[in-house]
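Start at 1 and go down the list; that is how both ligands and their atoms are numbered. Since this is a predicted model, take the numbers as computed values, not measurements.
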Amino acid sequence: MKKSWLITSLSNLFIASCIGFLLRITQFYKISIPYGNFLHAHSHVALLGWLYLFFYIFIYWMYIPKTSKNKKRFTGCFWITQFSIIGMLFSFPIQGYAFFSILFSSLHIVCSYYFCWISWKNISHVYSIDNLYLKTALILMLFSTLGVWSLGAILPTLGKSSIAYPIAIQFFLHFQINGWFLFGIFSFIFKILKNYNSPIPKYSYLFYFFNLGTAILTFFLPISWHISSFIFYILNSIGLLFQLFSLFLFWKYIHPPLLVIFKKKSVFIYSLYILFILLFSVKIIFQNFQWIPEIAEHSYLIKNLTIGFIHLIVLGIYTLFLFILILTFISTKKINAFIKIGIIIFTIAFLLTDILLILQGAFLFMDWGNITGYFIIISWGSVLFPLGIILFIIGLCNKNIILLT
Ligand code: HEM
């Protein structure tokens with residue numbers, strides 16, 4: 001794995017978390033900033049600069065033969081993508097959604113198409129379960145971008161106040177977060193099992209079917225927030241049922257061999273993995289509250305719940321798993337105190353802020369008002385994110401840290 005690429009994507013996470021901290025602190029101290037513009041910068045840099053780029057690095061590293069042609073293509077595409085992230089980082093706070101930010105976002109999308117194309121060409125001839133997941137992840141990534149392009153048609157015709165506008169944004173976010181990234185993570189999991197000579201877990205194809213069904217069917221929930229329909233409620237509920245089946249299959253057939261691999265690595269990696277699987281299960285169990293129609297209909301109105309839920313997925317599940325992946329490819333004796341303390345601080349920050357966000361959301365849902373000290377704890381607790389990430393980066397910069405191939 002290229003260390004410079006890894007540090008670049010982690011630096012994007014650091015920047016996104018600094019903006020996240022700024023957003024929380026300005027809410028608390030009532031400081032006036034163009035909040036919406038900074039929010040765009042935050043979500044774009046975090047999703048496209050951290051998660052996307054890490055997936056890019058890992059796919060290149062694990063799946064692509066390192067021919068000189070590939071090296072040139074992937075390296076060029078990586079740095080142009082990073083250039084588009086820097087463009088978004090500066091253009092969103094200054095002008096919001098306007099000429100330059102749209103230009104840089106489009107550049108990112110074009111780069112992602114090129115990335116898909118060159119990756120596909122390299123993986124398409126080999127059939128395996130991890131490749132199937134990877135291909136599906138790439139297709140879902142392409143599919144999600146339909147949401148972004150449709151905005152170009154919706155804005156001049158129907159306008160921002162039409163229901164098509166939020167649905168298009170939800171479409172992009174849903175198929176990125178519950179499609180591309182989720183299938184990407186599963187593909188990495190199957191790849192690790194394969195690399196450690198573990199047999200393909202039983203029912204892996206059924207697991208695939210349930211996950212794909214869930215990704216498609218649960219999109220009816222955000223639609224139902226704008227178009228009330230009993231059918232959408234039923235379709236989302238079937239998606240939730242599929243997800244429960246897939247969780248069962250994960251615990252029964254995929255978790256045991258994975259646990260053995262991480263246990264052999266170190267106690268630290270093993271503990272992080274246990275936290276990951278717990279958070280993964282908690283997320284799925286939480287989502288099942290949507291069986292209660294009142295919650296399905298109104299949950300999105302309580303911002304704390306939606307923001308808490310998104311961050312549970314992107315930080316508690318995806319980012320945590322990506323940290324585990326990084327550690328898995330460092331010689332365990334070399335994992336230094338900076339790396340460990342950085343990850344511990346990050347994990348504390350996540351648990352503290354996310355539990356508080358979701359609890360506060362539940363308080364609002366029950367009409368119980370605010371939790372005492374909520375704003376001060378969530379604002380200052382968020383400073384732990386950039387602190388933890390910078391320590392992790394410093395630890396990785398140590399020249400003794402060599403990423404295994
Ligand atoms: C993997 C990392 C992260 C990703 C992918 C991510 C993604 C997002 C997304 C998609 C939104 C919703 C944007 C919208 O409603 O338009 C959001 C909002 C937000 N995020 Fe993050 N985020 C990440 C990390 C963080 C961190 C570390 C912090 C805290 C330091 C943070 C603080 C916030 C805040 C305060 C909001 C705004 C809530 C609001 O006012 O609506 N995020 N984030």
Kindly state whether the ring of F209 and the ring of F242 have centres lying under 6.0 angstrom apart. yes
Measure the distance from atom 5 (C) of ligand 1 to every protein heavy atom, then report the residue, atom name and distance (to 0.1 Å) of the closest one. A46 CB, 3.6 Å
Can you confirm if the aromatic rings of F55 and W180 lie within a centre distance of less than 6.0 Å? yes
Ring centres under 6.0 Å, that's the criterion: do F171 and F175 meet it? yes
A student checking ligand 1 against L47 at a 4.0 Å heavy-atom cut-off should list atoms 5 (C)
Counting heavy atoms only, which of H42, Q27, H40, R24 comes nearest to atom 21 (Fe) of ligand 1? H42
Should K303 be counted as touching ligand 1, given the test is an N or O pair under 3.5 Å? yes
To check your reading of the model: name the closest protein heavy atom to atom 12 (C) of ligand 1, its residue, and the distance in Å. I307 CD1, 4.1 Å
Going by the side-chain contact (heavy atoms from CB on, under 4.5 Å) test, name the single residue among N37, L89, L23 that passes it with H42. L23
Ring-ring centroid check Y270 F262, cutoff 6.0 Å: no
Looking only at protein heavy atoms, which one is nearest to atom 30 (C) of ligand 1, and what is the separation? S17 O, 3.3 Å
Can a non-hydrogen atom of F350 be found less than 4.0 Å from any atom of ligand 1? no
Residue selection (non-hydrogen contact nearest atom 1 (C) of ligand 1) among F385, W50, F21: W50
Closest to atom 16 (O) of ligand 1 (judged by heavy-atom distance), picking from L39, V314, I378: L39
Closest heavy-atom pair, I378 versus T353, reported as atoms and distance to 0.1 Å, is CD1-O, 3.5 Å
Evaluate Y35 for polar contact with ligand 1, using N/O atom pairs at a separation under 3.5 Å. yes
Atom 2 (C) of ligand 1: the protein heavy-atom neighbour that sits closest, reported with distance to 0.1 Å: L315 CD2, 3.5 Å
Heavy atoms only: give me the nearest S91-F104 pair and the separation to one decimal. OG-CD1, 3.8 Å
Do ligand 1 and T319 have nitrogen or oxygen atoms that lie under 3.5 Å from each other? no
Between F115 and Y56, is the ring centroid distance below 6.0 Å? yes
Among all protein heavy atoms, pick the one closest to atom 9 (C) of ligand 1 and tell me residue, atom and distance. S43 CB, 3.7 Å
Ring centroid separation H255 to F280 under 6.0 Å: no
